[in-house]
Amino acid sequence: MWYNVDGDSMDRIIFHIDVNNAFLSWSAIDLLINGFKEDIRNYDAVIGGDESRRAGIVLAKSMGAKKKGIITGETLYSARKKCPGLKVYPPNYYVYQTKSNSLFTLLSKYTPDIEIFSIDECFIDYGKVKKLYGDELIFANKLKDEIQEKLGFTVNIGLGNNKLCAKMASDFLKPNMIHTLFNDEIKDKMWSLPIEELFGIGKKTSTKLRGLNINTIGDLANADFDKLAPYFKNQTIKMINAANGKDGSPVISEQVESKGISNSTTLDHDLKTSEEIYKVLHVIADNLCTALREQHRYACVVVVILKDRYFKSYSHQMKLNNGTNITSEVFGISKKLLDEMWNLEPIRLVGIRLDNLVKEVNYQMSLFESNEDRTKVSKLDKTVDDLKIKYGHNVIGNAYLKDDNIIKKY
DNA sequence: TCTGGGGTCCTAGGACCC
DNA sequence: TCTGGGGTCCTAGGACCC
């Protein structure tokens with residue numbers, strides 16, 4: 001997390017650029033390109049998950065839907081109750097990635113100092129290029145308009161002396177707006193906001209804070225450290241700094257490799273037998289290992305994640321002596337982990353996370369295995385990967401999984 | 001008809017070693 | 001027979017973000 005006070009300084013100028021209703025805007029543009037007559041941004045519309053797979057939640061909403069009180073993350077069922085005429089469209093992640101890339105490409109004309117924060121958000125260290133482009137507000141306005149003109153969607157841009165303030169600023173009033181939250185504006189513009197608006201303060205923490213009669217960001221900014229410390233331990237100082245708009249974390253433009261990758265799926269019905277769960281684990285293990293092999297990376301930790309019908313989640317993990325990206329190995333470990341952890345309660349979600357990723361393995365054979373076997377399975381994976389590259393990801397799968405209805409949903 | 005999927009970071013407790 | 005800390009590594013779970 002980036003509330004790091006060291007390095008915070010007045011003379012930095014940071015932009016936070018945030019696409020307005022990203023998924024919905026991007027889907028709207030894509031639909032228009034494909035001959036759709038209406039712009040779904042002008043309806044009461046949402047991008048939503050697949051209800052038949054029990055993934056029916058709101059991922060993004062139009063301004064109209066927002067006005068009806070629909071919030072991101074709520075069930076489509078509940079959203080429809082608020083807005084009976086609601087239109088629901090499925091997400092298209094391929095389109096989103098393309099639009100996202102087009103935004104970052106446009107921005108990189110101006111500066112290499114861009115930190116990609118998520119698919120629809122980034123930070124720019126404007127201080128470093130100010131002498132090239134001049135006044136930050138004038139530039140921000142031009143940039144905002146250029147994005148709308150060339151890419152067809154709107155953004156909010158927040159300006160501050162650090163990333164935290166820039167991010168808070170871009171969130172003020174939407175859409176298509178520019179806001180500043182410089183150090184001398186923190187009291188006036190941020191302290192009156194309710195505590196849950198502060199970045200990093202979620203539901204659990206805000207409930208606890210309100211219980212301590214801390215209701216606004218200003219209350220937290222001026223809170224007594226010793227009073228809060230027993231409740232929030234090491235987080236206390238970070239929270240108080242954040243409420244004071246202090247953050248020294250740098251804009252990091254190099255793409256850092258992820259520390260782990262995961263894949264999980266909510267099933268369309270609860271699974272009740274190991275055999276059913278194994279099949280899902282196998283597909284997931286293959287997805288993840290294929291991705292790792294593409295990146296030439298290896299996992300040293302395998303985690304199996306389950307959610308039961310009450311939405312309670314469980315995990316079980318194993319650290320490996322040797323990193324692996326071999327599907328059959330990860331699948332084998334996952335099965336073992338499942339067998340150890342599963343209490344036979346019906347399962348709603350199955351996932352695997354591969355962690356502690358490394359670039360190379362110095363493979364050390366255990367006493368009883370032969371390196372030949374390992375080379376063989378590795379080669380098999382490679383052959384499958386090559387076929388996938390040549391003919392597409394769906395042409396080949398494990399025969400074990402063929403014609404299985406779990407896979408169709410996947 | 002409650003509640004996606006992919007991440008990061010933190011905490012607490014246990015094992016183990018010195 | 002009972003009793004120490006300190007440090008590190010590992011695991012499970014939680015909180016938060018988009």
Side-chain angles (χ1 to χ4, degrees), chain A residues 1-4 16-23 46-60 71-81 88 90-91 93 96-97 100 116-123 163-164 167-168 170-171 196-209 231-239 242 249 252 256-269 284 287-288 291 300-321 337 340-341 348-357 409-410:
Chain A
M1 185 53 68
W2 32 268
Y3 314 144
N4 166 11
H16 179 252
I17 300 170
D18 191 335
V19 178
N20 299 131
N21 317 113
F23 286 5
V46 297
I47 303 300
D50 181 353
E51 285 167 283
S52 69
R53 288 190 54 246
R54 304 192 297 182
I57 63 160
V58 173
L59 298 165
I71 54 171
T72 302
E74 78 177 318
T75 57
L76 292 177
Y77 175 71
S78 143
R80 280 205 198 85
K81 273 202 293 197
V88 180
Y93 294 96
Y96 302 158
Q97 196 55 61
S100 173
I116 295 171
F117 191 62
S118 75
I119 193 162
D120 66 338
E121 279 177 55
C122 66
F123 294 95
K163 283 161 64 179
L164 175 72
K167 171 129 177 87
M168 293 297 295
S170 70
D171 213 30
E196 31 285 297
E197 307 257 311
L198 183 60
F199 182 80
I201 303 295
K203 209 166 184 295
K204 300 279 177 180
T205 309
S206 65
T207 306
K208 271 192 336 192
L209 284 167
Y231 300 94
F232 303 103
K233 311 283 166 67
N234 289 344
Q235 300 309 306
T236 313
I237 191 67
K238 296 179 192 178
M239 283 170 30
S249 65
I252 297 170
V256 278
E257 283 194 316
S258 64
K259 301 190 168 161
I261 60 172
S262 67
N263 188 197
S264 64
T265 188
T266 297
L267 293 318
D268 65 354
H269 64 281
I284 291 174
N287 286 345
L288 290 173
C300 297
V301 174
V302 178
V303 191
V304 169
I305 300 143
L306 301 178
K307 265 185 199 177
D308 67 18
R309 59 183 144 167
Y310 307 110
F311 229 67
K312 181 160 173 50
S313 71
Y314 305 84
S315 70
H316 214 56
Q317 59 181 273
M318 186 184 286
K319 190 168 179 0
L320 314 177
N321 291 324
L337 288 168
E340 285 169 10
M341 74 189 286
R348 175 195 178 86
L349 171 145
V350 178
I352 299 176
R353 179 168 175 80
L354 298 181
D355 240 321
N356 292 27
L357 304 184
K409 310 293 194 293
Y410 203 72

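This one's a predicted model, so the numbers in the text were calculated from it and none came from an experiment. Each chain gets a letter, A, B and so on, in the order the sequences are listed, and its residues count up from 1. Values reported hereafter were calculated over all heavy atoms of this structure, with side chains retained and with hydrogens, waters and symmetry mates removed.
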Between A:F23 and A:Y77, just flag the one whose closest nucleotide in DNA chain B comes earlier from the 5' side. A:Y77

Per nearest nucleotide of DNA chain B, the residue lying toward the 5' end, A:D355 or A:T75, is A:T75

From [options], pick the nucleotide closest to the side chain of [X]?
X	options	result
A:E51	B:dT1, B:dG4, C:dC18	B:dT1
A:T205	C:dC16, B:dT3, B:dG5	C:dC16
A:S118	B:dG5, B:dG4, C:dC18	C:dC18
A:K204	B:dG4, C:dC16, C:dC18	C:dC16
A:N263	C:dC16, B:dT3, B:dG6	B:dG6
A:S264	B:dT3, B:dG6, C:dC16	B:dG6
A:K203	C:dC18, C:dC16, B:dG4	C:dC16

Rounding to a whole Å, what distance do you find between [X]:[atom1] and [N]:[atom2]?
X	N	atom1	atom2	answer
A:E74	B:dG4	CD	C1'	14 Å
A:K238	C:dA15	NZ	P	16 Å
A:F199	C:dC17	CZ	P	6 Å
A:K259	B:dG6	NZ	C1'	15 Å
A:I17	C:dC18	CD1	P	16 Å
A:Y93	C:dC18	OH	C1'	11 Å
A:R353	B:dG4	CZ	P	18 Å
A:I116	C:dC18	CD1	C1'	14 Å

Using the test side chain to side chain contact (heavy atoms under 4.5 Å, CB included), find all partners of [X] that sit at least two apart in sequence or belong to another chain.
X	value
A:I252	A:E115, A:P250, A:E254
A:K259	none
A:R54	A:T266, A:D270, A:R348
A:Y231	A:L212

Just checking [X]: base, sugar-phosphate only, or nothing, at a heavy-atom cut-off of under 4.0 Å?
X	value
A:G73	nothing
A:D50	nothing
A:L76	nothing
A:L59	base

Phosphate-side-chain proximity, [X] and [N], N/O vs OP1/OP2 below 4.0 Å:
X	N	result
A:T266	B:dG5	yes
A:R348	B:dT3	yes
A:R309	B:dC2	no

Is any side-chain heavy atom of A:K167 closer than 4.5 Å to one of A:F123? yes

Whether A:K312 engages the ring of A:Y310 as a cation-pi pair (distance to the six-membered ring centre under 6.0 angstrom, angle to the ring normal within 45°) should be assessed. no

With sequence neighbours left out, write down each residue that passes side chain to side chain donor-acceptor pair (under 3.5 Å) with [X], or none if nothing qualifies.
X	value
A:Q235	none
A:Y77	none
A:N21	none

B:dT3 and C:dC18, which share atom name P, separated by this distance in whole Å: 23 Å

If you compare all heavy atoms of A:L59 against all heavy atoms of A:T72, which two are closest, and at what distance to 0.1 Å? O-CG2, 3.7 Å

As a test of your reading of the structure, name each stem of DNA chain C as range with range, where a stem is three or more consecutive Watson-Crick or G-U pairs at under 3.5 Å. B:5-18 with C:5-18

Start with the C-alpha distance between A:V304 and A:Q317, add both sets of side-chain angles, then the distance that settles side chain to side chain contact (heavy atoms under 4.5 Å, CB included), and finish with yes or no. CA-CA 6 Å; A:V304 169; A:Q317 59 181 273; over 6 Å; no

Using the purine O4'-C1'-N9-C4 or pyrimidine O4'-C1'-N1-C2 torsion, is B:dC2 syn (within 90° of 0) or anti? syn

What is the per-nucleotide protein-contact pattern of nucleotides 7-13 of chain C, from the 5' end, where B denotes a base atom under 4.0 Å from a protein heavy atom, S denotes such proximity for sugar-phosphate atoms only, and - denotes neither? ---SSBS

